Amino acid sequence: MKLIPTLLATAALASGFAATAQEADIRKALAERIPQMDKIDEVRPTPMKGLYEVRIGTDLFYTDAKGNYVIQGELIDTKVRRNLTEDRIAKLTAVEFSALPLKDAFTIVRGDGKRKLAVFEDPNCGYCKRFERDLQNVDNVTVYLFLYPILSPDSAEKSRNIWCSKDQVTAWQDLMVRDKPVPAASCDTSALQRNLAFGRKHKITGTPTLIFANGARVPGAIGAKEVEKRLAEASSETPAAN
């Protein structure tokens, strides 16, 4: 009877060695044939037999066991109707809410403010304006607004004027909701530079980008109903504070 656990352990060890060798073969083949893939972060099998995921940063590719072919696209599980590529990227790009540098944002509190939402926005972003107007219909939330001027030099100027305003919330909503220009202002804008650095680190490439309390990240403008849905999901997944 003692032989069975030993055989199982040996089989598991052999399987681990095989997986490591397989990964090494894929890395070697792709690096030799595609110079841009010489720094692969991770290789792992997918649920589809014979297909492997190759990750470089948050970019995903798929290949066969020998690295003879590379696919750039989305892997769909038709049985459960899930986009496995989207699910994986969502996990890779998730940002822990506790890791957000909230001191570099200003806050907009509505109602009891119990629910939390962080948003990265550019003042010249048309989608952001649409999102901000929809967001007026969401209550009982605290919004941490990170100015993220990536669209133009004018974005940096407007962000500075908002950040340096005596009333940042009014200045922001005057511009984004009421189309009123923001008076010129000046102050220390190192927070804006830190926002840009944080965004580069976490690959925030567009605005608006929303981050919910459960770490879920949504790129692009969504309506008030979808915001409500995701806030509810985040509240149910986030442990209550003691």
Side-chain angles (χ1 to χ4, degrees), residues 9-101 104 118-122 125 127 146 148-153 155-156 190-212 214-220:
T10 303
L13 187 62
S15 176
F17 281 134
T20 302
Q22 191 73 71
E23 177 183 338
D25 289 345
I26 291 172
R27 286 177 180 271
K28 183 174 183 294
L30 293 181
E32 289 176 351
R33 298 167 186 174
I34 306 175
Q36 297 91 331
M37 301 186 82
D38 63 336
K39 293 182 179 179
I40 294 171
D41 293 305
E42 185 181 8
V43 175
R44 66 180 207 164
T46 71
M48 181 177 172
K49 186 177 181 180
L51 188 70
Y52 292 80
E53 175 197 291
V54 177
R55 179 177 66 83
I56 302 175
T58 55
D59 294 327
L60 301 182
F61 305 89
Y62 300 99
T63 188
D64 63 299
K66 295 185 178 180
N68 288 332
Y69 302 94
V70 172
I71 301 169
Q72 186 173 15
E74 298 180 337
L75 183 61
I76 311 294
D77 185 330
T78 59
K79 288 184 179 179
V80 297
R81 298 184 181 182
R82 290 190 69 89
N83 186 321
L84 301 183
T85 305
E86 279 189 0
D87 289 350
R88 178 81 166 120
I89 290 175
K91 288 183 179 179
L92 291 170
T93 59
V95 177
E96 289 292 333
F97 207 84
S98 60
L100 289 168
D104 293 331
V119 190
F120 286 75
E121 297 191 72
D122 185 302
C125 166
Y127 291 107
F146 290 86
Y148 195 57
I150 58 173
L151 295 180
S152 71
S155 297
S190 56
L192 304 183
Q193 299 307 312
R194 289 193 294 269
N195 289 349
L196 292 172
F198 183 89
R200 286 192 294 269
K201 178 182 177 181
H202 293 279
K203 296 188 180 296
I204 297 175
T205 57
T207 55
T209 291
L210 289 62
I211 299 173
F212 292 85
N214 59 350
R217 173 168 158 175
V218 178

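These numbers come from a predicted model, not from an experiment. Just the heavy atoms: all of them, side chains too, but no hydrogens, waters or symmetry mates, feed the values below.
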J.: Show which side-chain atoms of residues 40-55 pair as donor or acceptor with protein atoms under 3.5 Å away, not counting sequence neighbours.
T.:
unit_1, atom_1, unit_2, atom_2, d
Asp41, OD2, Gly57, N, 2.5
Glu42, OE1, Arg55, NE, 2.9
Glu42, OE1, Arg55, NH2, 3.4
Glu42, OE1, Arg88, NH2, 2.9
Thr46, OG1, Met48, N, 3.2
Thr46, OG1, Met48, O, 3.3
Thr46, OG1, Leu51, O, 2.9
Glu53, OE1, Arg88, NE, 3.0
Glu53, OE2, Arg88, NE, 3.0
Glu53, OE2, Arg88, NH2, 3.0
Arg55, NH1, Gly57, O, 2.8

J.: Which atoms form the tightest heavy-atom contact between Thr58 and Thr93, and what is the distance?
T.: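 Scanning both residues, the minimum pair turns out to be CG2-CG2, 3.9 Å.
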J.: Donor-acceptor check, side chain of Asn195 to backbone of Phe146, threshold 3.5 angstrom: yes or no?
T.: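 Side chain of Asn195 to backbone of Phe146: no pair is present.
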J.: According to side-chain hydrogen bond (donor to acceptor under 3.5 Å, both in side chains), does anything in residues 196-209 pair up with another residue at least two apart or in another chain? List the pairs.
T.: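 Qualifying pairs, neighbours excluded: none.
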J.: For Leu100 versus Ala118, what's the shortest heavy-atom pair and its separation?
T.: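 Shortest heavy-atom separation between Leu100 and Ala118 comes out as CD1-CB, 3.5 Å.
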J.: To check you understand the geometry: which heavy-atom pair defines the closest contact between Ile204 and Tyr148, and what is its length?
T.: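 The answer is O-OH, 2.7 Å.
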J.: Of all the heavy-atom pairs spanning Asp122 and Ile150, show the shortest one and how long it is.
T.: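 Looks like OD2-N, 2.8 Å.
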J.: Taking side chain to side chain contact (heavy atoms under 4.5 Å, CB included) as the definition, give me every residue that meets it alongside Ser152, ordered by chain and number, with sequence neighbours left out.
T.: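 Expected list: Asn124, Asp154, Ser155.
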J.: Are Asn83 and Asp87 close enough that some pair of their side-chain heavy atoms sits under 4.5 Å apart?
T.: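 Counting from C-beta outward, Asn83 and Asp87 never come under 4.5 Å.
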J.: Taking CZ in Phe61 as the centre, count heavy atoms belonging to other residues, nucleotides or ligands within less than 6.0 Å. Is the count above 12?
T.: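 Yes, the 6.0 Å shell around CZ holds more than 12 heavy atoms from other groups.
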J.: Applying salt bridge (Lys or Arg N to Asp or Glu O under 4.0 Å), name anything that partners Asp104, two or more places apart in sequence or on another chain.
T.: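 For Asp104, the residues satisfying salt bridge (Lys or Arg N to Asp or Glu O under 4.0 Å) (neighbours in sequence not counted) are Arg194.
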J.: Could you grab the distance from atom OH of Tyr62 to atom CD of Gln72, nearest 0.5 Å is fine?
T.: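 These two atoms lie 10.5 Å from each other.
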J.: So, using side chain to side chain contact (heavy atoms under 4.5 Å, CB included) as the criterion, who are the partners of Asn68 when residues are at least two apart?
T.: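 In terms of side chain to side chain contact (heavy atoms under 4.5 Å, CB included), with neighbours along the sequence ignored, Asn68 is linked to Arg33, Asp64, Lys66.
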J.: If the condition is side chain to side chain contact (heavy atoms under 4.5 Å, CB included), which residues does Glu96 pass it with, not counting sequence neighbours?
T.: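 Side chain to side chain contact (heavy atoms under 4.5 Å, CB included) list for Glu96, sorted by chain: Ser98, Ala99.
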J.: If we ignore hydrogens and angles and just use 3.5 Å, is the side chain of Gln22 paired with the main-chain N or O of Ala65 as donor and acceptor?
T.: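 Pair found, side chain donor or acceptor close to backbone of Ala65.
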